[in-house]
Amino acid sequence: AQKITQTQPGMFVQEKEAVTLDCTYDTSDQSYGLFWYKQPSSGEMIFLIYQGSYDEQNATEGRYSLNFQKARKSANLVISASQLGDSAMYFCAMREHNNNDMRFGAGTRLTVKP
Amino acid sequence: DAMVIQNPRYQVTQFGKPVTLSCSQTLNHNVMYWYQQKSSQAPKLLFHYYDKDFNNEADTPDNFQSRRPNTSFCFLDIRSPGLGDAAMYLCATSPQIFRDQPQHFGDGTRLSIL
């Protein structure tokens, strides 16, 4: 069974600094996708970035990058140059090959301090 | 813009009074999902439709049902809401079930039970 672990319930970062949010996963499948979502207090889930298990390069999307270490089964999200608007819950999720389910971790609440 | 729309954003119902939440999409995606998210927790998958095929999660209470009359619309029916059903309900879509496809979420409906 899939399992996603986010060990940081809450994180603080100073505005304009970088922050890393941790995510580890467990799967016996060789083909899977990893996702990060942002959920502001208003409730919507916003897709940020995707990493495929066979991708050799770490994914990047603007200020977001994914530090993918396949052997360690980790997929940490790095946010560079933090902004006040980055304050939100962040969820790591995984989807196995041809599997309808997307399983989410417990989330990390990020607070950006001015 | 193509999107996933949930109505209403906030819904209040009485204990035991049936309630229906709606979701529509202009993305023409084959798969539609319903999640329940309680405060400070990860979204929990209730069920999904792959086209017209309904797939129920094993631990989804019988109290929860769903209808998908066409590609664009999907409904969540709660037959006899209990206090424990107060939560945010998120609708999501994806084109297919492949591992590299993110789910696109609506803004959610926050359900309160009186």
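Reminder, nothing fancy here: chain letters follow the sequence lines and each chain counts from 1.
Between the CG atom of L21(A) and the OG1 atom of T108(A) there is a distance of 5.5 Å, given to the nearest 0.5 Å.
Residues of residues 65-93 of chain B placed with any heavy atom under 4.5 Å of a heavy atom in chain A are listed by number as M88(B), L90(B).
D59(B) approaches K44(B) most closely through the heavy-atom pair OD1-NZ, 3.3 Å.
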**Request:** Could you go through the ring pair (Phe, Tyr, Trp, His ring centres under 6.0 Å) check for Y33(B) and Y49(B) one step at a time?
**Result:** CA-CA 7 Å; Y33(B) 306 82; Y49(B) 274 94; over 10 Å; no

**Message:** Determine whether R95(A) and Q103(B) satisfy the following criterion, side-chain contact (heavy atoms from CB on, under 4.5 Å), listing intermediate values before the conclusion.
**Reply:** CA-CA 10 Å; R95(A) 192 173 198 178; Q103(B) 294 181 2; 4.2 Å; yes

**Request:** Start with the C-alpha distance between R63(A) and D86(A), add both sets of side-chain angles, then the distance that settles side-chain contact (heavy atoms from CB on, under 4.5 Å), and finish with yes or no.
**Result:** CA-CA 11 Å; R63(A) 293 187 299 112; D86(A) 294 335; 2.8 Å; yes

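Heavy-atom pairs under 4.5 Å with chain A peak, among E57(B), Q41(B), R110(B), at E57(B). Of the listed residues (Q6(A), Q39(A), Q51(A)), the greatest number of heavy-atom pairs within a distance under 4.5 Å of chain B belongs to Q39(A).
With a 4.5 Å cut-off on non-hydrogen atoms, Q37(B) touches chain A through its side chain but not through its backbone. Using a 4.5 Å cut-off between heavy atoms, Y32(A) touches chain B through its backbone atoms (N, CA, C, O) alone. With a 4.5 Å cut-off on non-hydrogen atoms, M45(A) touches chain B through its backbone and its side chain both.
Counted by atom type alone, E96(A) and T27(A) present one or more donor-acceptor pairs between their side chains at under 3.5 Å.
Separation of the Y37(A) and F91(A) ring centroids does not fall under the 6.0 Å cut-off.
Heavy-atom neighbours of D62(B) CG from other residues, nucleotides or ligands within 6.0 Å: at or below the threshold of 12.
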